[in-house]
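The following block contains the structure, expressed as structure tokens.
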Amino acid sequence: FDQEHAAFLSILGLCNNLNENSCFKNIEFHFLSSAGGLYEGQRMVDYQSLPAPKRPYGRAKLRQEQTLRACNDSINVSVYRPSTVYGFHAGTGRQGLVIKLMKCLLNGQTTTIYGRPYTLRDYITSRDVGQFIAHKVGHAKKSKFAEYILASGKPTSLMEIVLLVEEIFQRRALIRYSLDA
């Protein structure tokens, strides 16, 4: 996370340098954070909820947000905190639960799920997240720092997701729950 933070500071430095140049006015910085990382274990999260990260990823995101908050007042900052995002997967990078579950189900493989069957997550589609952020770019609030929690507002258990995918595919999934991070 130290390397990621150093890269983050370099980009922020570039924004500050551009901002000092009179040719560039109204610099906007749009930052993707993580509701799950910041509010893990909390329920009924809203704009008054205080971030209390439990893992290194959440602490790294909070550190980046705090750096942005302390940023030059002439940069408009928008922070987006999506919950558990799901949607089309291009095949590269880490797969989310829904895609991994469908792939394993189709191939007759066991899906390892990290958490308990009753673990709750708030799922939101990548399309909804993308459309929201696309709308905000170029239309940032006049305030210097805006935060947005991007969530569906409906907690869903991991077991509920498994049952839903099984129902869609009309097949039983082979599931192994693991508590290892």
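For the numbers below, each heavy atom of this structure counts, side chains included, while hydrogens, waters and symmetry mates do not.
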Heavy-atom pair of closest approach, residues Leu101 and Ala173: CD1-CB, 4.0 Å
Cluster companions of Val45 among Ile, Leu, Val, Met, Phe, Trp, Tyr (side-chain spacing under 4.5 Å): Leu38, Tyr39, Tyr47, Leu62, Ile149
At their closest point, which heavy atom of Glu4 faces which heavy atom of Gln64, and how far apart are they?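 Taking Glu4 first and Gln64 second, the nearest heavy atoms are OE2-NE2, 3.3 Å.
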Are the side chains of Thr156 and Ile161 in contact, using a 4.5 Å heavy-atom criterion?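 Touching, per the 4.5 Å side-chain cut-off.
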Decide yes or no for Phe169 and Met102: does some side-chain heavy atom of the first lie under 4.5 Å from some side-chain heavy atom of the second?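 Phe169 reaches Met102 side chain to side chain.
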All heavy atoms of Asp122 vs all of Gly153, minimum pair found to be OD2-N, 2.8 Å
Measuring centre to centre across the rings, with the benzene-like ring taken for any Trp, is Phe8 within less than 6.0 Å of His5? yes
Value rounded to 0.5 Å, distance of CZ in Arg81 from OG in Ser33: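 One gets 6.0 Å once the value is rounded to the nearest 0.5 Å.
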Looking at side-chain heavy atoms only, is the closest gap between Gln42 and Ser49 below 4.5 Å? yes
Hey, what do you get for SG (Cys104) to CD1 (Ile113), rounding to the nearest 0.5 Å? 9.5 Å
Given side chains that start at C-beta, do those of Leu179 and Arg116 come closer than 4.5 Å, heavy atoms only? yes
Shared hydrophobic cluster for Leu32 and Val137 (ILVMFWY, side-chain gaps under 4.5 Å): yes
Measure the OH-CD distance between Tyr123 and Glu160 for me, rounded to the nearest 0.5 Å.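 Answer rounded to 0.5 Å: 9.5 Å.
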How about Ile133 and Tyr148: do any of their side-chain heavy atoms sit closer than 4.5 Å? no
Using side chain to side chain contact (heavy atoms under 4.5 Å, CB included), reason through Thr67 and Leu12 one step at a time and then give a plain yes or no. CA-CA 9 Å; Thr67 302; Leu12 193 54; 3.7 Å; yes
What closest approach, in Å, do Phe29 and Ile11 show between heavy atoms, and which atom pair accounts for it? CE1-CG2, 4.0 Å
Short N-O contact, Glu40 and Lys54, less than 4.0 angstrom: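 No salt bridge links Glu40 with Lys54.
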Given side chain to side chain contact (heavy atoms under 4.5 Å, CB included), test Val79 with Phe145 step by step and report yes or no. CA-CA 8 Å; Val79 174; Phe145 192 90; 3.6 Å; yes
Exam field: side chain Thr119 to backbone Gly115, donor-acceptor pair closer than 3.5 Å: no
Ion pair Glu147/Arg69, N-O distance below 4.0 Å: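 Salt bridge present between Glu147 and Arg69.
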Checking Gln131 against His135 for the side chain to side chain contact (heavy atoms under 4.5 Å, CB included) test, could you report, in this order, the C-alpha distance in whole Å, the side-chain angles of both residues, the deciding distance, and whether it holds? CA-CA 6 Å; Gln131 286 177 341; His135 175 74; over 6 Å; no
Decide whether Leu164 and Leu120 are clustered together by the hydrophobic rule: side chain heavy atoms of Ile, Leu, Val, Met, Phe, Trp, Tyr closer than 4.5 Å, transitively. no
Going by heavy atoms in the side chains, are Leu106 and Arg171 under 4.5 Å from each other? yes
Contact check, side chains of Thr125 and Val85, non-hydrogen atoms, under 4.5 Å: no
Say whether Phe1 and Leu9 are linked into one hydrophobic cluster, either directly or through other cluster members, by side-chain heavy-atom distances under 4.5 angstrom. no
Does the side chain of Leu158 come within less than 4.5 Å of Pro117's, by heavy atoms?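 They are not in side-chain contact.
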From Ile27 atom CD1 to Ile75 atom CD1, the distance as rounded to the nearest 0.5 Å: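 Rounded to the nearest 0.5 Å, the CD1-CD1 separation comes to 6.5 Å.
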Donor-acceptor pair, Asn107 side chain versus Gln109 backbone, under 3.5 Å?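 Checked: no pair found.
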Indicate, with yes or no, if the rings of Tyr177 and Tyr114 have centres closer together than 6.0 Å.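 Between Tyr177 and Tyr114, the centre distance exceeds or equals 6.0 Å.
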Rounded at 0.5 Å granularity, tell me how far CG in Leu97 sits from CZ in Arg121.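 Going from CG on Leu97 over to CZ on Arg121, the span is 6.5 Å.
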Would you kindly confirm whether Met159 and Ile168 end up in one hydrophobic cluster when ILVMFWY residues are joined by side chain heavy atoms under 4.5 Å apart?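 Both belong to a single hydrophobic cluster.
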ILVMFWY cluster membership beyond Leu174 - transitive side-chain contacts under 4.5 angstrom: none
Assess, by modelled atom type and distance only, whether the side chains of Arg176 and Thr112 contain a donor and an acceptor separated by less than 3.5 Å.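 A donor-acceptor contact under 3.5 Å links the two side chains.
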What heavy-atom pair brings Glu28 and Lys136 nearest, and what distance separates the two atoms?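 Distance-wise, the nearest heavy atoms are OE1-O, 4.4 Å.
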Mind checking the OG1-CG spacing from Thr84 to Leu150? Nearest 0.5 Å is all I need.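 Answer for the OG1-CG pair, Thr84 versus Leu150, is 12.0 Å.
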With sequence neighbours excluded, residues passing side chain to side chain donor-acceptor pair (under 3.5 Å) with Tyr80: His30
Taking all heavy atoms of Ser83 and all of Ile124, pick out the closest pair and write down the distance.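 Minimum heavy-atom contact is OG-CG2, 3.6 Å.
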